[in-house]
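Notes follow once the structure below has been shown.
Heavy-atom basis, side chains included; hydrogens, waters and symmetry copies ignored. Chain letters run A, B, ... following the sequence lines, proteins first, then strands; residues in each count from 1. Since this is a predicted model, take the numbers as computed values, not measurements.
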Number of protein chains: 2
Amino acid sequence: MGNSPHDREAGVVQSVDRAIAILELLASAGEAGITEIAEHLGVHKSTASRLVATLQARELVEQHGERGRFTLGIGVLRFTGALGRQSEIVRVGTPLCEELADKLGESVHIAVLDGADVINICEARGPAAVSTQNWIGQRTPPHTSSSGKVLLAAASRAQQDEILSKELEAVAPRTITDPRRLREELERVRRDGYAVAIEEFEPGLHGVAVPVHGRGDAVIAAISASGPAYRMKRKQMREMVAELQVAARELSARLGHR
Amino acid sequence: MGNSPHDREAGVVQSVDRAIAILELLASAGEAGITEIAEHLGVHKSTASRLVATLQARELVEQHGERGRFTLGIGVLRFTGALGRQSEIVRVGTPLCEELADKLGESVHIAVLDGADVINICEARGPAAVSTQNWIGQRTPPHTSSSGKVLLAAASRAQQDEILSKELEAVAPRTITDPRRLREELERVRRDGYAVAIEEFEPGLHGVAVPVHGRGDAVIAAISASGPAYRMKRKQMREMVAELQVAARELSARLGHR
DNA sequence: GATTACTGTTGCGACATGGGCAACTCGCCG
DNA sequence: CGGCGAGTTGCCCATGTCGCAACAGTAATC
């Protein structure tokens, strides 16, 4: 996704949109230089330099050395903790994800339902993680992931009907796109207390997820592990479910729900 | 601080600077409407509306209702966890700050030294907190606060010399501005293991801070409590020091240092 | 040590964009 | 039902943003 006029949404302020894209690039990549940022955005490097300088003036970006590369700056901390419940889950959940990612060797995420989408709000990549993509904040359709199935299974009937009444997009060859099959699958998730996604989001990628409970039966989040199919055999996935359930209970307790 | 041409730094991209100011306003105020944002920035409300729409398109801002007020959006989570050590301290420290703020009834902060400045990276306001200002990410001169004195006392001799060789700005009538007096004060802080600021940052405001240790003797942060002078008597401050020291040890342990 | 290549920065002027104005829609209130 | 104030949007033009060219600095190569 570039930043050419074709990609830009109508009615947005171009230079602001570009500046946010820079922040997202730095959040994903960790660090970058001006030339790299310019290429990513599809703009001249003097343009990138000025946008970065503006972010730097407000401490959202920080340069290492006199003419060095750039990382996110400490000013982004101003935006944390002002989000309400999600930031509470993030604060408590992120160390848990990291512990578990280390233990399982795979990536661990916590996700919530937001409207008709699933959003990852915590992410910890396992030591053997292949992808470097930053999924935090990104929306995915709930029928395509193990987390999504967990959250959908626990959603209200009205919310399920809303989501299942629309065409279920096939994001991978094995995505479940038949609403009847999906309802059966959600029934299975409710019964088993966990969900799996077998190459349904991406070929070669498996995932398992369990619910994180709030008060009573309410499900406030899902915690999941994912990894390549060749490592996630049935036995590994069963073990992961058990570990995820322990982590889910701990997260719930730390949030004051149990 | 407005956003008129007089306030704007040379060389920054105006519209990006304005967009960041909107994010900072929402982080501080919690929520705002377009008219309020426009007034804060000193621009027309159509301008504010378009800037907010651009932030909204990238989910950094979220509108409540069809024409309702705005808050920070979940997209700001993309920027967390990409900061390195500070974000680790934030994740672990923020719940600690909140527990302690509840317990002490005053505001609690965690700060680090960054160059010649002190930066607050965690903040929890007590139930009785008066100020609503968001201090996270803001820089203050280290000689003016209890946290600053703790961090300065633990800094290298070179760093102390650098900071004390410059004019010590009086930000309040009681700010210590004499370098010799400050050195004596830092000696006292090292000996006592805590610092106090008696209306040195702001008339009517007291603060106490203790060091958070990393490996060995290294001080990686300071944790502090602050509140109005009429509530922070000598006895209360002694009790606060004890509580802050417990919290500092816990934070240090959770960061894997002790 | 000189040369080359690449990085990031900055002055300048053109023009594409951002911004203000006016008018609009919508919800709330009397 | 009308007035008020919020947020939104079409339009046009003033200006802020951008690309170009040149620069400075650093590292690698010969």
Side-chain polar contacts of residues 42-52 of chain A - donor-acceptor pairs under 3.5 angstrom, sequence neighbours left out - could you list them?
unit_1, atom_1, unit_2, atom_2, d
A:H44, ND1, A:S46, N, 3.1
A:H44, ND1, A:S46, OG, 2.9

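Proximity note for B:Q14 (side chain, C-beta onward) versus D:dG16, D:dT8, D:dC20: the nearest is D:dG16. Nearest to the side chain of A:I34, among C:dG8, C:dG18, D:dG19, sits C:dG8.
Computed from coordinates, the A:R69 CZ to C:dC6 P distance equals 16 Å when rounded to whole Å. Atom-to-atom, CD of B:E39 to P of D:dG5 comes out at 12 Å; the value is rounded to the nearest Å. Across the protein-nucleic acid pair, A:L41 atom CG and D:dT17 atom C1' stand 14 Å apart, rounded to whole Å. Atom NE2 of A:H44 and atom C1' of C:dA16 are 17 Å apart (whole Å). Between B:K45 atom NZ and C:dC21 atom P the separation is 12 Å, expressed in whole Å. Regarding B:R50, its CZ atom lies at a distance of 8 Å from the C1' atom of D:dG10, rounded to whole Å. Rounded to whole Å, the distance from CD1 on A:I37 to C1' on D:dG19 is 18 Å. Rounded to whole angstrom, the span from the NE2 atom of A:H64 across to the P atom of D:dT26 amounts to 18 Å.
Heavy atoms of B:S46 sit under 4.0 angstrom from at least one base atom.
Looking at which nucleotide of DNA chain C each of A:T47 and A:V16 is closest to, the 5′-most match is held by A:T47. Each of A:E36 and A:S15 was assigned the nucleotide of DNA chain C with the nearest heavy atom; the assignment lying further toward the 5' end belongs to A:E36.
A donor-acceptor pair is defined here as one N or O able to donate and one able to accept, closer than 3.5 Å; such a pair exists between the side chain of B:Q160 and the backbone of B:L152.
Defined by atom type and a distance below 3.5 Å, a donor-acceptor pair is present between the side-chain atoms of B:S15 and A:S15.
The shortest distance between the side-chain N/O atoms of A:Q63 and the OP1/OP2 oxygens of C:dT9 is below 4.0 Å.
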